[in-house]
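Note that the structure is predicted; figures quoted are calculated from it, not measured.
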Amino acid sequence: MLTELHIENIAVIERADIEFRPGMTVLTGETGAGKSIIVDSLGAIIGARTSRELVRNGAEKGTVTAVFECSEADKWLRENDIEPEDEIIIQRKIGLDGKSSCRVCGTPVSVAQLRELGAILLDIHGQNDGRQLMDESRHREYLDSFSGDVDVLKAFKDDYKEYSSCLREIDRLSMDEIEKARMADSLQYQVNELENANLKAGEEDELTSKRDLLRNSEKLTESLDSAYSALFSSDDCAVALADEAAAVMNKAAFIAEDLRETVSIIENASSMLYDASERIRDFRESLEFSPEEYDNIETRLSLLRKLRRKYNMDEAQMLEHLEECRQKLMELEYSDDMLLKLKKKLDMLTERCRASAEKLTKARISAAKQLEKRITDELRDLSMPSVKFKVAVEPVDNQIGFDANGADEIRFLISANAGMELGRISKIASGGELSRIMLAMKTVFSRNDTVETMIFDEIDTGVSGIAAQRVGEKLSNLSVGKQVLCITHLPQIAAIADNHNMIKKSEHGGKTYTVVTELDRQGRREELARLHGGDNITELTLASAEEQIAAAELYKQSVRIQAVANEH
C-alpha cells in the first residue's frame, strides 16, 4: 500500500507531501492544476521514462519519494541484496540533463530494477489505456493474463524456441552448390594461411621485446661489462674489497665480540655481490647474436602484423578463428547429411509445437468462456445492461498452423446495445464504453494479481449520469480489497470515495504553485458543489453534495454488510 508521496520541483509542484490511506482516494481539481503530475510522479517511482521537462523551471533537479507497505516485495528486495523492512522507501531524482538516479531503501538501483519492483507495488491505468483495447495484438496478452495457465503457455514457448533454433540452423546450412563452393574456398584459404603461420599466443609481444633488446645490445653490453668489472673482474672490485673487509673484521671480532654481527653482514654482502656478478655474466653471454637472427625476428613480426591487420585479431583470437574455420569447413563437407538430420528433427519439433499449441488453445478457449461471463457481468454493473462481450479464438492463418504465440488469433468482440451485431471493439465502442470495458477488465484481473495499489487517471472519460455513478460504485467495491487512487472530474465518483484530496494551482511572485489539500467533510461538500456547478456554489448545491455523500456512505455500508454475510 502507498502511504506517503513527497514531490519536490516537479513541473508546477514546488513541494507537496501527500499521505494516502486504505480504501478509495480521489484527487480533484481544475484542469491544469497538476493532477496528472501526481500520476507522472508515481510513474517515475515505478520506473517510467522521465525527461528534463519534468523538472520545475529554475530548479536544478526534481525529486519524487514514495513510501510503501508491501510484504509481497520482500522476495524482490532479497534478490536485489536489499534487506526487507517494514517500509519500502523509493526515491528518484531527475536532473536538468534528463538523467535520473534511483534508490530503494537507500540502495542505488537501475531503472530496469525499479520497473520490476514497480510492477509489484503499483498498477497505473492511464487515460490512454482504453485505447489499448483497440489494439487487437494486445487481446491475446489480456486473455493469457486472465487464464493464469502459466505451465501450458511456457511449455509451448519452450517448444517453439527449440523449433525456431532448428529452423535457423537449416537456413544457415541451406545454400546452392556455387555458394557452398565459394564459401569452402574462402574458408580453406584462411585455414591454410593461419596454419602456415604457426601462430602462438603472445608471440608478437615476445618478439617485439627481444627485437628491442637486440637493437640496443651494444649499449647494453657496455653497461654490463662495466658493471661486471666493478663487481668482480677488476683489481679493486666490490667483491674483492668486501672479502678483504670481512677478513679484517674477523680479526677485530676476536678482540671485540660485539663485531661478530657486523662480520656476518659483510660476508652476506660479499655473497650477494658475487651472485649479482654471476647473473650479469650469464645475461651478457646470452646476448651473443647474429645479424641474421635480427632479420628473422623482423620478418616474423612483419608477418604477424600483416595477419593482425587483415583479421583485426591478436594471435589468440586468430587461433580461435582458425578452429572456427575448420569447424565450418567440416560442416560444409557434411552439410547434406546434417540437413537431412535437421529436417527430420524439424518435422518432430513441428508436431511437438502443434501438440503443445493445441493444449494452449484448449486452455484459452476455457479461459475465454470464463472471461466473457465475468466481463459481461461487470459491464452490466457499469450501466451497460444489453452488452454482449465475446472472446473470439480463431486459428492463425499460415501453413504450419502456429506462430510464436501459439495457434490462435485472439480478438475481443462487443455489442454495446440491444439489436447490434458483435463487432470489433475498435469499430463499435465509444470513448465512455472503452473506459468501462477497461475498468471491468481491471476489476476482473485484480482478483488474480497481488498488486495492492491501483491508480486510475480519469477512468471517467466519456461517462456521465448513472454510468458515472456505477463507475464510482465499481471503484469503491474494488477498494474493499485494494487501495484505489482515482483522478476524476465527476462528483458521482468523488462522492463515493473514502478520502478526498483537492489539487489547486495559484500564482505568487510571478511563479505558479500547486498545493494538495486533504479535505474534511465540509471541504468535500464544497468541492462536490464546485464539480456540479462551478463557481456558483449555493446552499442548494451544498445540500445536494451532502445528500450525495450520505447516499454514498449508505451504499458502502450495504456493500460491507453483504461482504461480511458472504464470508459467513
Side chain of R354, backbone of I400: donor and acceptor closer than 3.5 Å? yes

What distance do I120 atom CD1 and L117 atom CG have between them, rounded to the nearest 0.5 Å? 5.5 Å

Taking the basic N atoms (NZ, or NE/NH1/NH2) and the acidic carboxylate oxygens, is any pair closer than 4.0 Å for D275 and R279? yes

Minimum heavy-atom separation for V191 to C325, with atom names? CG2-CB, 3.6 Å

In plain terms, say whether R308 and E315 are close enough for a salt bridge, that is, a side-chain N and a carboxylate O under 4.0 Å apart. no

One pair to check against side-chain hydrogen bond (donor to acceptor under 3.5 Å, both in side chains): H321 and E323. What are the steps and the verdict? CA-CA 5 Å; H321 180 66; E323 193 55 41; over 6 Å; no

When you measure from the side chain of N196 to the backbone N and O of N192, does any donor-acceptor pair fall under 3.5 Å? yes

For atom NZ of K362, decide whether the heavy atoms of other residues, nucleotides or ligands shown that lie under 6.0 angstrom number more than 12. no

V104 vs L77, test: side-chain contact (heavy atoms from CB on, under 4.5 Å). Steps then yes/no. CA-CA 9 Å; V104 175; L77 293 170; 3.9 Å; yes

Once rounded to the nearest 0.5 Å, what's the spacing between atom CG of D159 and atom OG of S164? 10.5 Å

Pair F68-I45, side-chain contact (heavy atoms from CB on, under 4.5 Å): steps then yes or no: CA-CA 11 Å; F68 292 86; I45 281 294; 4.0 Å; yes

Does anything in residues 52-64 form a side-chain hydrogen bond (donor to acceptor under 3.5 Å, both in side chains)? List the pairs, not counting sequence neighbours. S51-E53

Which salt bridge (charged side-chain N to carboxylate O under 4.0 Å, His left out) pairs, counting each pair once, include a residue from residues 240-252, with sequence neighbours left out? none

Basic-acidic side-chain contact under 4.0 Å: E206, K200: yes

Quickly, which of L121, V64, I37, I124 forms a side chain to side chain contact (heavy atoms under 4.5 Å, CB included) with L42? Name it, please. I124

Spell out, as yes or no, whether a donor-acceptor pair under 3.5 Å connects the side chain of S234 to the backbone of A230. no

More than 12 foreign heavy atoms under 6.0 Å from CE of M272: is that the case here? no

Side chains of E14 and N9: do they bring a donor and an acceptor to under 3.5 Å? no

How would you list, by chain and number, every residue that makes a ring-ring contact (aromatic ring centres under 6.0 Å, His included) with Y189, sequence neighbours excluded? none

Answer yes or no: is there a side-chain heavy-atom contact under 4.5 Å between Q190 and E324? no

Search all heavy atoms of A242 against all heavy atoms of L273 and return the closest pair with its distance. CB-CD1, 4.3 Å

Lys/Arg-Asp/Glu bridge criterion (N-O < 4.0 Å) met for R300, E203: yes

Check whether Q113 reaches the backbone of S110 with its side chain - one donor and one acceptor, N or O, closer than 3.5 Å. yes

Please examine the side chains of R211 and L301, heavy atoms only from C-beta on, and report whether any two atoms are closer than 4.5 Å. yes

Short question: side chain of S165, backbone of K161 - any donor-acceptor pair under 3.5 Å? no

Give a yes or no on whether a salt bridge exists between D123 and K442, defined as a side-chain N under 4.0 angstrom from a carboxylate O. yes

Would you find more than 12 non-hydrogen atoms of other residues, nucleotides or ligands less than 6.0 Å from D397 atom CG? no

Decide yes or no on side-chain contact (heavy atoms from CB on, under 4.5 Å) for Y274 and L231, but give the supporting numbers first. CA-CA 7 Å; Y274 180 79; L231 286 175; over 6 Å; no

Cut-off 3.5 Å, side chains only: do H139 and E141 have a donor facing an acceptor? no

Apply salt bridge (charged side-chain N to carboxylate O under 4.0 Å, His left out) to K310 and E193, showing your working. CA-CA 11 Å; K310 179 177 180 179; E193 183 176 47; 2.9 Å; yes

Are any of the side-chain heavy atoms of T50 and R92 separated by less than 4.5 Å? yes

Please give me the minimum heavy-atom distance between A44 and L114, naming the atom from each residue. O-CD2, 3.7 Å

Tell me, with the steps shown, if F456 and L485 meet side-chain contact (heavy atoms from CB on, under 4.5 Å). CA-CA 6 Å; F456 295 91; L485 277 59; over 6 Å; no

Of all the heavy-atom pairs spanning V263 and A253, show the shortest one and how long it is. CG2-CB, 4.2 Å

Let me confirm one number: the CG-CG distance from L194 to L319, rounded to the nearest 0.5 Å. 8.0 Å

Where do V396 and G406 come nearest, in terms of heavy atoms and distance? CG1-O, 4.1 Å

Is a donor on one side and an acceptor on the other found under 3.5 Å between the side chain of S186 and the backbone of M183? no

Tell me the closest heavy-atom pair linking I7 and S41, and the distance in Å. CD1-OG, 3.6 Å

Return yes when atom CG of N312 has more than 12 non-hydrogen atoms of other residues, nucleotides or ligands closer than 6.0 Å, and no otherwise. no

Looking only at atom types and distance, does a side-chain atom of D408 sit under 3.5 Å from a main-chain N or O of I410, one as donor and one as acceptor? no

What is the ring orientation for F412 with Y142, classed by angle as parallel under 30°, tilted 30 to 60°, or perpendicular over 60°? parallel

Carboxylate-amine/guanidinium proximity below 4.0 Å for E162 and R352: yes

Side-chain (S229) to main-chain (S226) donor-acceptor, under 3.5 angstrom: no

Check whether K157 reaches the backbone of A404 with its side chain - one donor and one acceptor, N or O, closer than 3.5 Å. yes

Keeping Q317 on the side-chain end and D314 on the backbone end, is there a donor-acceptor pair under 3.5 Å? yes

